[in-house]
J.: 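Quick one: this structure, given as structure tokens, is what I'll be asking you about.
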Amino acid sequence: MLLKRWRWVGAFSERVMVCAAWASVGPARVAWWAVLDRSTGRFGEGYRRWWHGVSVSSSAARVGDTLSLRWTAGTPIEARTGDTWTRKTPLWVTGTALGIPVDCAGLMDESAGRHPRHTARLTAAGAGVSAAGAPVLWNLVEGMHPGE
């Protein structure tokens, strides 16, 4: 089985929703991003092979003039099944996306392993702040680890 790896970062606020990611399966590499201005409905997205022009590191993401984000990471949660590993990390994300200021809670999803060739997963992720000011984060995944 080929090694599969990815890093996905999402940030969610009343004004903007943004994500940026890269993935690889063996030698194949792709990257993508999306930005939704929730106040106007303006949406931008892109997809690139071989990660050209897309950077998503452990502390920042950049896609040309489209988005520039940095974050502070909280305490991650990790899970491992055999040689399949995943880590979910809460973030506080700042920067701009489509010229919109970003200053909100977010989430990083990193995974690697030799997943089965045909993998089916259902996922949902989000982040925010409760009325009391506490961070609220979720990343629900079904189908990543056997027996979940």
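Only heavy atoms go into these numbers, but all of them, side chains included; no hydrogens, no water, no symmetry mates. Each residue takes its place number in the sequence, starting with 1.
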J.: To the nearest 0.5 angstrom, please state how far the CH2 atom of Trp22 sits from the CZ atom of Arg7.
T.: 5.5 Å
J.: In terms of side-chain geometry, is the basic nitrogen of Arg15 or Asp37 positioned less than 4.0 Å from the acidic oxygen of its partner?
T.: yes
J.: A side-chain contact here means heavy atoms from C-beta on lying under 4.5 Å apart; do Arg114 and Leu3 qualify?
T.: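 Side chain of Arg114 against side chain of Leu3, heavy atoms only: contact under 4.5 Å found.
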J.: Give a yes or no on this: more than 12 heavy atoms of other residues, nucleotides or ligands lie within 6.0 Å of atom CD of Glu78.
T.: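 Atom CD in Glu78 is crowded, with more than 12 foreign heavy atoms closer than 6.0 Å.
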J.: Can you name the nearest heavy-atom pair linking Val56 to Ala21, along with the distance?
T.: CG2-N, 3.8 Å
J.: To the nearest 0.5 angstrom, please state how far the CZ atom of Phe12 sits from the SG atom of Cys104.
T.: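 Going from the CZ atom of Phe12 to the SG atom of Cys104 covers 8.5 Å.
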J.: First locate atom OG1 of Thr94, then atom CH2 of Trp71, and finally report the distance between them rounded to the nearest 0.5 Å.
T.: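 Result: 10.0 Å between the selected atoms.
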J.: Output the distance between atom CG (Leu107) and atom SG (Cys19), rounded to the nearest 0.5 Å.
T.: 11.5 Å
J.: Identify the two heavy atoms, one from Leu69 and one from Thr96, that lie closest to each other, and give their separation to 0.1 Å.
T.: CD2-O, 3.8 Å
J.: Could you state whether Val54 and Leu91 fall into the same hydrophobic cluster, counting links through intermediate Ile, Leu, Val, Met, Phe, Trp or Tyr residues with side-chain heavy atoms under 4.5 angstrom apart?
T.: yes
J.: Using modelled atom types and a 3.5 Å cut-off, is there a donor and acceptor pairing between side-chain atoms of Ser57 and backbone atoms of Ser59?
T.: yes
J.: Same hydrophobic cluster for Val102 and Trp32, using side-chain heavy-atom links shorter than 4.5 Å among ILVMFWY?
T.: no
J.: Could you check whether any side-chain heavy atom of Met108 comes within less than 4.5 Å of a side-chain heavy atom of Lys88, counting everything from C-beta outward?
T.: no
J.: Just so I know, are the side chains of Arg48 and Arg29 near enough to count as touching, which here means a heavy-atom distance under 4.5 Å?
T.: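 With C-beta onward as the side chain, the pair stays apart.
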J.: Flag the pair Trp92 / Asp103 as yes when at least one side-chain heavy-atom distance between them is below 4.5 Å, and no otherwise.
T.: yes
J.: Are the side chains of Val16 and Arg38 in contact, using a 4.5 Å heavy-atom criterion?
T.: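 Arg38 does not reach Val16 side chain to side chain.
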J.: Are Leu67 and Val18 packed together at the side-chain level, in the sense that at least one heavy-atom pair is separated by less than 4.5 angstrom?
T.: yes
J.: Could you go through Arg62 and Ser55, starting from their C-alpha distance and side-chain angles, then the distance that decides it, and tell me whether this counts as side-chain hydrogen bond (donor to acceptor under 3.5 Å, both in side chains)?
T.: CA-CA 5 Å; Arg62 184 168 197 78; Ser55 172; over 6 Å; no
J.: Distance alone, cut at 3.5 Å: any donor-acceptor contact between the side chains of Trp6 and Glu110?
T.: no
J.: When hydrophobic residues are tied together by side-chain contacts of less than 4.5 Å, even through go-betweens, does Val63 share a cluster with Val30?
T.: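 No; Val30 is not reachable from Val63 via cluster members.
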J.: With heavy-atom distances below 4.5 Å as the criterion, would you say the side chains of Ser111 and Lys4 are in contact?
T.: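 Side-chain contact under 4.5 Å: no.
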J.: What heavy-atom pair brings Val93 and Gly106 nearest, and what distance separates the two atoms?
T.: CG2-CA, 4.1 Å
